[in-house]
Amino acid sequence: MESHKESEINGPHSMGTTIIGVTYNGGVVLGADSRTSTGVYVANRASDKITQLTDNVYLCRSGSAADSQTVSDYVRYFLHQHTIQLGQPATVKVAANLVRLLSYNNKNMLQTGMIIGGWDKYDGGKIYGVPLGGTLLELPFTLGGSGSSYLYGFFDQAWKEGMTQEEAEQLVVKAVSLAIARDGASGGVVRTVTINSEGVTRKYYPEDKLPRWHEELEPQNSLLDILSSSSPEPMIS
Amino acid sequence: MESNSETKQHSLLSSESGIQRTQYPYVTGSSVVALKYKDGILMAADMGGSYGSTLRYKSVERIKPVGKHSLIGASGEISDFQEIMRYLDEQVLNDHMWDDGNSLGPKEIHSYLTRVMYNRRNKFDPLWNTLILGGVKKGQKFLGMVTMIGVNFEENHIATGFGNHMAQPILRAEWHENLTFEEGVALLEKCMRVLLYRDRSAVNKFQIAKITEEGVTISQPYALKTFWGFQAFENPTAGAEGSW
């Protein structure tokens, strides 16, 4: 009906993805799923939504793939020039502010929410959120994308200040995996990028490395394996 | 005015066409309530940044100092408030660079904001905020409001958004000239508590800010106790099963 359509057009649009940025004691962990969908079709089941801006700053992209890729391309370009002029690595704050500038000044045309995370020698590990509209918020952790709706409650309970790198990575992987379980627009593998004073580490978690949740079963090669391995009553008549 | 020169400077960073239309707010702040008291102005706001119906951000500072003599509180789109703070910081910096012993007072800031908001409204490209500006300069207290369409006025007590409906009746009944600090805080807390009960986008984390001739103080974030101990709350359907 009319009013239903209105609120769909005017309200914040949910965005097909789950992205997470988390600070820990010494750096940051960025996480994302790998599903890019066009309508109901999964155009790319192994996308990389964590994009490099500089050696020490990465960006998680959600929403329109075109918009977020273009923003990240411009910011990478500006940061490259900025690094040359500055004579040292750009700070996470500068990267985040450039993302905000583009997002805010083109707010009527862009449909992308982003998370900036990185490490620099002045402020250590930092996470910045730039949601729809171009607000800039420096946060201990933040969530984004359509899958994030399912994670606010989880983080309210599971998040702690001053986690170790292990704890932070486990939290991010668990969270993205939980979101994938319930959000149709999120799926595929879990990717994480950990950034600290020592550098950047990319990790890849395919299905077999992720936990099973409610009503999910362990994947098998075939029913035939199940039949041959188990004894009475394998088939329910 | 402001945005014209901005888009010319950052042509790579914003659209060439420069035509923008009325937008929609995404991350929004709820009510701000303020009143004049004996020594100056008291202003209160919660720290929520809502994203539609989701209470997404819970530590957003919606009250900020401006120069030496003013406080600004904003409701509405947070990204536009952040941009307004950039404009104001630029004004304050330029004012400081004159190095002439003068400084922008609340009246001047209020006037500047009114012009900015009204001119944006005329271009159908508003800054989606309602702003409360409060301050004290040379013993003169000032409290005013500017809306996204450029409506502006001064009053002894002001509230934005839901606060207009829930807090103003309380303020009209209980505000008087020369409230003490304690009375003012208690009155604001009464308003904020009512908003917490009745405004679904309110969040139980507040800051109260004070501005006097001496300067600005913004409290640390704190939460208010709420009262649920009514018999009628415990047993709302006693005597009328199926009702609510």
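It should be emphasised that the depicted structure is a prediction, and the values quoted were computed from it without experimental measurement. So you know, we letter chains A, B, ... as the sequences are listed, proteins then strands, and number each from 1. What's counted below: heavy atoms across the whole structure, side chains too, no hydrogens, waters or symmetry copies.
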Between A:Ser103 and chain B, with a heavy-atom cut-off of 4.5 Å, which part of the residue counts as in contact: side chain, backbone, both or neither?
neither
Residues passing the ring pair (Phe, Tyr, Trp, His ring centres under 6.0 Å) test with B:Phe230, sequence neighbours excluded, are B:Phe227, B:Phe233
In short, B:Ser79 meets A:Gly133 closest at the heavy-atom pair OG-O, 3.1 Å
B:His157: what forms a side chain to side chain contact (heavy atoms under 4.5 Å, CB included) with it, not counting sequence neighbours?
B:Leu35, B:Gln168, B:Leu171, B:Arg172, B:Trp175
Expected contact set for residues 54-66 of chain B against chain A at heavy-atom separation under 4.5 Å reads B:Thr54, B:Arg56, B:Tyr57, B:Val60
Chain B contact via A:Leu143 - which portion, at a heavy-atom distance below 4.5 Å
backbone
Correct closest heavy-atom pair for B:Glu77 and A:Thr135 would be OE2-OG1, 3.5 Å
Say you draw a straight line from CD of B:Gln82 to CG of A:Leu137; how long is it, rounded to the nearest 0.5 Å?
6.0 Å
Verdict with supporting geometry, A:Lys107 and B:Asp125, salt bridge (Lys or Arg N to Asp or Glu O under 4.0 Å):
CA-CA 11 Å; A:Lys107 63 158 73 196; B:Asp125 181 26; over 6 Å; no
Can you tell me which residue pairs pass the ring pair (Phe, Tyr, Trp, His ring centres under 6.0 Å) test with a partner in residues 144-164 of chain A, sequence neighbours excluded?
A:Phe141-A:Phe155, A:Phe141-A:Trp159
